[in-house]
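Written below as structure tokens is the structure these notes are about.
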Amino acid sequence: MLIIGPPGSGKGTQAARISERLGVVAISTGDIFRDNVKRETPLGVEAKTFMDAGDFVPDSVTNRMVRDRLAADDVQEGFLLDGYPRTASQVAELDDILRENELALDVVLQLTADDEELVRRLLGRAELDGRSDDNEQVIRHRLGLYHDQTAPVVSRYDERGIVTRVDGIGTIDEVTDRVMTALKVAR
Ligand code: ADP
């Protein structure tokens with residue numbers, strides 16, 4: 001399954017919980033990039049400038065990383081992908097990767113929340129863990145990219161009839177309950 005939502009919608013938090021409950025591995029492209037930035041790997045060095053500006057890391061880098069990750073043994077029993085695809089061309093790439101690995105998507109979970117709540121949450125997170133892309137200007141840029149490029153991605157999956165929407169406003173537990181209820185219906 002995929003989990004898609006704007007920055008600050010709680011994708012990562014919910015992905016960790018869903019993965020535990022369903023017993024499938026959670027893969028977050030943002031986490032993989034941040035880990036590489038921290039370890040100063042070539043991938044991290046390449047990604048950092050884009051991430052700090054709130055821009056997408058180029059497809060040439062991101063696609064290869066996802067392709068490698070989805071070929072690993074631990075995803076063959078199921079996986080939850082968080083943060084990919086974010087653009088129409090990544091949708092096409094993911095279709096290819098899944099076909100090559102004889103995998104298919106069951107569900108695309110979209111978490112929703114309004115922009116002002118998202119900005120509030122991300123500014124709060126900035127004070128707690130100081131992520132270098134959580135300042136107001138970069139946050140608004142990331143939100144703009146989400147609306148322009150990633151919302152259309154959801155429409156593509158909507159046409160396939162596999163999207164389930166969940167309201168991301170509320171406590172973490174409330175949202176998890178909504179997600180689990182929605183997934184049982186969707187499966
Ligand atoms: P958020 O959803 O809050 O922006 P993420 O952790 O999902 O946080 O992503 C952080 C950053 O990592 C993005 O702003 C982007 O620079 C990079 N990134 C993550 N996933 C992708 C992707 N699929 N394509 C391009 N860049 C990505």
Side-chain angles (χ1 to χ4, degrees), residues 1-19 26-70 75 79-98 105 108-154 156-157 166 168-169 172 175:
M1 66 179 274
L2 307 180
I3 183 162
I4 300 184
S9 58
K11 292 184 306 279
T13 305
Q14 297 301 331
R17 292 172 154 225
I18 300 164
S19 124
I27 300 167
S28 154
T29 48
D31 283 352
I32 298 175
F33 281 133
R34 276 185 293 278
D35 176 58
N36 277 275
V37 169
K38 204 166 74 193
R39 293 187 290 115
E40 298 180 356
T41 66
L43 177 69
V45 171
E46 192 156 10
K48 185 172 170 29
T49 342
F50 296 99
M51 296 176 76
D52 285 348
D55 286 322
F56 293 149
V57 177
D59 279 354
S60 54
V61 177
T62 308
N63 289 341
R64 184 154 36 86
M65 179 179 90
V66 172
R67 180 176 289 278
D68 289 348
R69 185 62 189 86
L70 288 180
V75 304
F79 63 92
L80 192 175
L81 192 52
D82 155 13
Y84 187 98
R86 284 186 201 229
T87 63
S89 82
Q90 291 184 3
V91 172
E93 183 76 14
L94 181 62
D95 283 340
D96 274 356
I97 297 172
L98 294 178
L105 293 177
V108 174
L109 178 74
Q110 184 184 26
L111 278 184
T112 61
D114 63 84
D115 281 8
E116 291 320 305
E117 167 71 12
L118 295 167
V119 172
R120 247 194 319 275
R121 285 185 187 179
L122 291 167
L123 289 176
R125 180 170 79 184
E127 287 183 9
L128 290 177
D129 62 17
R131 233 175 84 167
S132 56
D133 57 353
D134 282 346
N135 64 72
E136 183 151 3
Q137 196 192 342
V138 173
I139 289 168
R140 293 205 182 269
H141 179 60
R142 281 152 61 209
L143 280 171
L145 281 182
Y146 179 81
H147 292 302
D148 291 348
Q149 308 232 23
T150 308
V153 164
V154 179
R156 305 292 273 270
Y157 291 117
V166 169
I169 302 287
I172 292 173
V175 177

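One-based numbering, in listed order, for ligands and for the atoms of each. This is a predicted model, so every value here is computed, not measured.
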Within a distance under 4.0 Å of any heavy atom of [X], pick out the atoms of ligand 1 and give their elements.
{"X": "Tyr84", "answer": "23 (N)"}
{"X": "Gly83", "answer": "20 (N), 21 (C), 22 (C), 23 (N)"}
{"X": "Val57", "answer": "16 (O), 17 (C), 25 (C), 26 (N)"}

Which heavy atom of the protein is the closest neighbour of [atom], given with residue, atom name and distance?
{"atom": "atom 4 (O) of ligand 1", "answer": "Arg142 NE, 3.2 Å"}
{"atom": "atom 2 (O) of ligand 1", "answer": "Lys11 NZ, 2.6 Å"}
{"atom": "atom 11 (C) of ligand 1", "answer": "Met51 CE, 3.9 Å"}
{"atom": "atom 27 (C) of ligand 1", "answer": "Phe33 CE1, 3.8 Å"}
{"atom": "atom 13 (C) of ligand 1", "answer": "Arg86 NH1, 4.2 Å"}
{"atom": "atom 24 (N) of ligand 1", "answer": "Gln90 NE2, 3.0 Å"}

- Applying salt bridge (charged side-chain N to carboxylate O under 4.0 Å, His left out) between Arg142 and each of Asp55, Asp115, Asp134, report the one that passes.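 Looking at Asp55, Asp115, Asp134, the match for Arg142 under the salt bridge (charged side-chain N to carboxylate O under 4.0 Å, His left out) is Asp134.
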- Task: Would you check, one step at a time, whether the test side chain to side chain contact (heavy atoms under 4.5 Å, CB included) holds for Leu143 with Leu122?
- Result: CA-CA 11 Å; Leu143 280 171; Leu122 291 167; 5.6 Å; no
- Heavy-atom contacts under 4.0 Å between Gln149 and ligand 1: side chain, backbone, both, or neither?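 For Gln149, there is no contact with ligand 1 at all, from either part.
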- Residue portion contacting ligand 1 (non-hydrogen atoms closer than 4.0 Å) for Thr62: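 Just the side chain.
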Under 3.5 Å: N/O of [X] near N/O of ligand 1:
{"X": "Asp82", "result": "no"}
{"X": "Arg34", "result": "yes"}
{"X": "Gly30", "result": "no"}
{"X": "Phe50", "result": "no"}
{"X": "Asp133", "result": "no"}

- Task: Look at atom 15 (C) of ligand 1 and find which of Thr29, Asp31, Asp55 reaches it with the closest heavy atom.
- Result: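 Residue with the shortest heavy-atom distance to the ligand atom: Asp55.
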- Item | Rounded distance [0.5 Å steps], NZ in Lys11 versus CG in Leu81 |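 Atom-to-atom, Lys11:NZ and Leu81:CG are 11.5 Å apart.
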- If you measure from CD on Glu93 to CG on Asp95, what distance do you get to the nearest 0.5 Å?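 Answer for the CD-CG pair, Glu93 versus Asp95, is 9.5 Å.
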- Identified side chain to side chain contact (heavy atoms under 4.5 Å, CB included) partner of Phe56 from the options Val61, Thr62, Thr150: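 Single side chain to side chain contact (heavy atoms under 4.5 Å, CB included) partner of Phe56 among Val61, Thr62, Thr150: Thr150.
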- Is there side-chain contact between Gln14 and Leu109, with at least one heavy-atom pair below 4.5 Å?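 Side chain of Gln14 against side chain of Leu109, heavy atoms only: no contact under 4.5 Å found.
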- Message: Is the shortest side-chain heavy-atom distance between Val57 and Thr29 below 4.5 Å?
- Response: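 Contact flag for Val57/Thr29 side chains = no.
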- What do you reckon, does Arg131 put a non-hydrogen atom under 4.0 Å from ligand 1?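 Distance cut 4.0 Å: Arg131 passes for ligand 1.
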- May I ask you to say whether Glu116 pairs ionically with Arg120, meaning some side-chain N is under 4.0 Å from a carboxylate O?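 No, this pair does not count.
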- Does the distance from a Lys or Arg side-chain N to an Asp or Glu carboxylate O, for Asp133 and Arg125, drop under 4.0 Å?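 No.
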- Query: In chain order, what residues pass the side-chain hydrogen bond (donor to acceptor under 3.5 Å, both in side chains) check against Asn135, with sequence neighbours excluded?
  - Reply: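 For Asn135, no residue satisfies side-chain hydrogen bond (donor to acceptor under 3.5 Å, both in side chains) once neighbours in sequence are set aside.
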- Message: Other residues, nucleotides and ligands only: do more than 12 of their heavy atoms fall within 6.0 Å of CZ on Arg156?
- Response: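 It does not: Arg156 CZ has 12 such atoms or fewer within range.
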